[in-house]
Undergrad: 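Attaching a single structure in structure tokens format; questions to follow.
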Number of protein chains: 2
Amino acid sequence: MRSSNVTLKSIADRLNVSVTTVSRVLNGKSDRYRISKETQELINTAAKELSYSPNQLARGLRLKRTNTIGYIIPDISNPFFSSIAKNVEKSARKLGYSILLCDSEEDTKIEENLLQLMIDRKVDGLIISPVGLEVNHLRRIAQKNIPIVLLDRYFPELNLPFVTSDNYKGALEAVNMLIEHGHKRIACIQGLVNTSPNNDRVRGYIDAHKTHELSVDKKLIVGDSFGEENGYIETKLLLKQDDPPTALFAVSNLISLGAIRAISEEGLKIPDDISMVSFDDQPYSRFLSTPMTTVSQQNSQIGQIAIKLLIDQIESNRQLEPKGIFLPTRLISRDSVKRNINLGIKAIG
Amino acid sequence: MRSSNVTLKSIADRLNVSVTTVSRVLNGKSDRYRISKETQELINTAAKELSYSPNQLARGLRLKRTNTIGYIIPDISNPFFSSIAKNVEKSARKLGYSILLCDSEEDTKIEENLLQLMIDRKVDGLIISPVGLEVNHLRRIAQKNIPIVLLDRYFPELNLPFVTSDNYKGALEAVNMLIEHGHKRIACIQGLVNTSPNNDRVRGYIDAHKTHELSVDKKLIVGDSFGEENGYIETKLLLKQDDPPTALFAVSNLISLGAIRAISEEGLKIPDDISMVSFDDQPYSRFLSTPMTTVSQQNSQIGQIAIKLLIDQIESNRQLEPKGIFLPTRLISRDSVKRNINLGIKAIG
DNA sequence: ATGAAAGCGCTAACAG
DNA sequence: CTGTTAGCGCTTTCAT
């Protein structure tokens, strides 16, 4: 029951023409094949009347082209990813592509299955924010010459185009600022370890110390996930240390939410008792009980650029010489950082 | 270049058997067709060796079944929708379905096109959070007997299954509480007018007044979109009124963010100068400068139930007797509501 | 226990 | 100016 089934054939039969002709007219190739005005008329009106619409499955099978893009994200409910997803979908749609969306739940195994699933569904290309701990499944894709663009997370050792924020510089700038405000014990609550955004941000954190000839206390680099829970737990522990940090560098928006929870539970105040800066600006960041100083990423550009890169690749039918694109971040100063008076001699700003 | 193309045929040729046999074995129908153990072996190993994986386009064309669900949302970057999307995708994936995701940008025209696009792609069913102002395109779908479930927004006049929060009761409870705290001039900043969640919430707002034999000042019901901007603008205007409200009922999380911005710009404090309660709890709600009293919805259940309902419909191959499911909300009290001392005589809690 | 053939709906090569 | 034919990769009916 469930089908309308107006096909090229049904139109052809009804008008006593061949499916070829119908196909040609309906695909705007009337001129190239010099189809008579009358048959054009006939076919067009019939198609409209029956509200014909081509079966994209059949079309895709024949053409080896589906106009759909596979999109794999580690967590669509994370506002960072969903704001990017918005622009990925929108840009794709404007260029005539649809999005097959899957969530890998930060699980490499799931990601791997999803990848196969998308290949089987014959997507024209892939945008993926990989979990980032394993490369081999991605390398396999690359070898199959399926157009692909990595988003947010990349692999230095892998020759694939990617677009991401300049996480290193963003972190460097943020931690520099903290140090210049007199902080010497700055904790870094990291996300998923060995993931490029994480590594780059931690590297920025460390280099900021080096620049200021400050040693890094390894015990102050903690955590292992981009989630809220991680921020909460690690902050709890940090605050219990013998020599607790005077400032916190939270590597993601969710981490900082967890950190805030822990800090307030301990009856402490930001920035009076502890200063804080967080990666990822969010619409609510400025309205938090202490408006948060953040490192803001260009979420809308990231998605757009990734799609453009990918569709270029698809439509030019050539492998892109793989290049990585780093987008600059912006440090947004609000109220969560205070000069550290204990030792804060060097006045600033 | 771009293809591996291990097909049933290529396996069949290599082993000198028919594609039929290969198909049967690989689909686990060996027993039913009494395929010999040897050929089974042969085929299975060959398939593994070549890492065969069926072309889902071909399969879908033949079977008229794609195991994909079309999902249309008005704004994936809205954390309310993205948290639902998380569970829609996850539940679908667990049951063997993929999600074709599109964003209608709260635009009926786009929504209509998207609907056709999904039908052409032969999705097995549809989950849609419709814009909600127009019904006809949805009615048309219903008539085509394509399984569909409405999410968040529904149409009383339309016989389609839906799942949504009990917006009426949620609003009723919230505004009741405000009134019982002595507020008599409560503004309601609404979302997209004539949309079911909006209408139900506004109705709750009005009925709360009726219950307490309080008249409703129409000038206090303002706004026209679920976005942040709307919250900002309307709050600005409200605060300039001759007899400004002592409390605000914001119909969405984004609206409340806008309202907060306006309130703080005017140098006012929540709840000292104005009380506030907002629909939609978010992870950050408790950390706002004034922890926000909210009406919390069961986002994860909503998505799950919608998918279950839809897949039931798909796999039972029958139209569901369309029923609407309303999920209860929960009022989370925090610090954004204060007893109104001006006239607040009736003490409470 | 296995295969041949038809067909899902479409496009393209070739033919006139 | 139009049509015939083949085929994309798969499943299923009907035969044997």
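Every chain is numbered from 1 and lettered A, B, ... according to where its sequence line falls, protein lines coming before strand lines.
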Undergrad: Please identify each residue that fulfils salt bridge (Lys or Arg N to Asp or Glu O under 4.0 Å) with Arg14(A), with sequence neighbours left out.
TA: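 Result, salt bridge (Lys or Arg N to Asp or Glu O under 4.0 Å) vs Arg14(A): Glu49(A).
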Undergrad: Within the side chain of Ser104(A), is there an N or O that forms a donor-acceptor pair under 3.5 Å with the backbone of Ile110(A)?
TA: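 No, the answer is negative, given that no donor and acceptor are paired below the 3.5 Å cut-off.
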Undergrad: Would you please name every residue forming a side chain to side chain contact (heavy atoms under 4.5 Å, CB included) with Lys9(A), sequence neighbours left out?
TA: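 Here the qualifying residues are Thr7(A), Asp13(A), Val19(A).
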Undergrad: Partners of Lys29(B) by salt bridge (Lys or Arg N to Asp or Glu O under 4.0 Å), sequence neighbours excluded?
TA: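 None.
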Undergrad: Which residues satisfy the salt bridge (Lys or Arg N to Asp or Glu O under 4.0 Å) test with Glu89(B), sequence neighbours excluded?
TA: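 Expected list: Arg93(B).
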Undergrad: Identify the 5'-most and 3'-most nucleotides of DNA chain C with at least one atom closer than 4.0 Å to a non-hydrogen atom of chain B.
TA: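 Range of nucleotides within reach of chain B: dA1(C) to dG9(C).
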Undergrad: Contact class for Lys37(B) (heavy atom, under 4.0 Å): base, sugar-phosphate, or nothing?
TA: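 Result for Lys37(B) = nothing.
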Undergrad: Can you name the side chain to side chain contact (heavy atoms under 4.5 Å, CB included) partners of Ser18(A), sequence neighbours left out?
TA: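 Listed in chain order: Thr20(A), Thr21(A).
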Undergrad: Just jot down the side chain to side chain contact (heavy atoms under 4.5 Å, CB included) partners of Asn159(A), sequence neighbours excluded, or say none.
TA: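 Listed in chain order: Pro322(A).
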Undergrad: Any chance you could list the contact pattern along nucleotides 1-7 of chain D? Use B for base contacts, S for sugar-phosphate-only contacts and - for none, protein heavy atoms under 4.0 Å, 5' to 3'.
TA: BBBBBBB
Undergrad: Which part of the nucleic acid does Leu61(A) contact within heavy-atom distance under 4.0 Å: base, sugar-phosphate only, or nothing?
TA: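 The answer is base, as Leu61(A) lies within the cut-off (heavy atoms under 4.0 Å) of a base atom.
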Undergrad: Keeping to residues at least two apart or across chains, list the side-chain hydrogen bond (donor to acceptor under 3.5 Å, both in side chains) pairs with something in residues 52-61 of chain B.
TA: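 Listed once each, the pairs are Gln116(A)-Ser53(B), Asp120(A)-Ser53(B), Asn27(B)-Arg59(B).
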Undergrad: Not counting sequence neighbours, list each pair that qualifies as a ring-ring contact (aromatic ring centres under 6.0 Å, His included) and has a residue in residues 127-156 of chain B.
TA: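 Matches after skipping sequence neighbours: Tyr154(B)-Phe162(B), Tyr154(B)-Phe326(B).
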Undergrad: Go through the structure and list residues passing salt bridge (Lys or Arg N to Asp or Glu O under 4.0 Å) with Asp152(A), not counting sequence neighbours.
TA: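 By the salt bridge (Lys or Arg N to Asp or Glu O under 4.0 Å) rule, Asp152(A) matches no residue at all.
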Undergrad: Which residues within residues 42-57 of chain A lie with some heavy atom under 4.0 Å of an atom in DNA chain C?
TA: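 Heavy-atom contacts with DNA chain C come from Tyr52(A), Pro54(A), Asn55(A).
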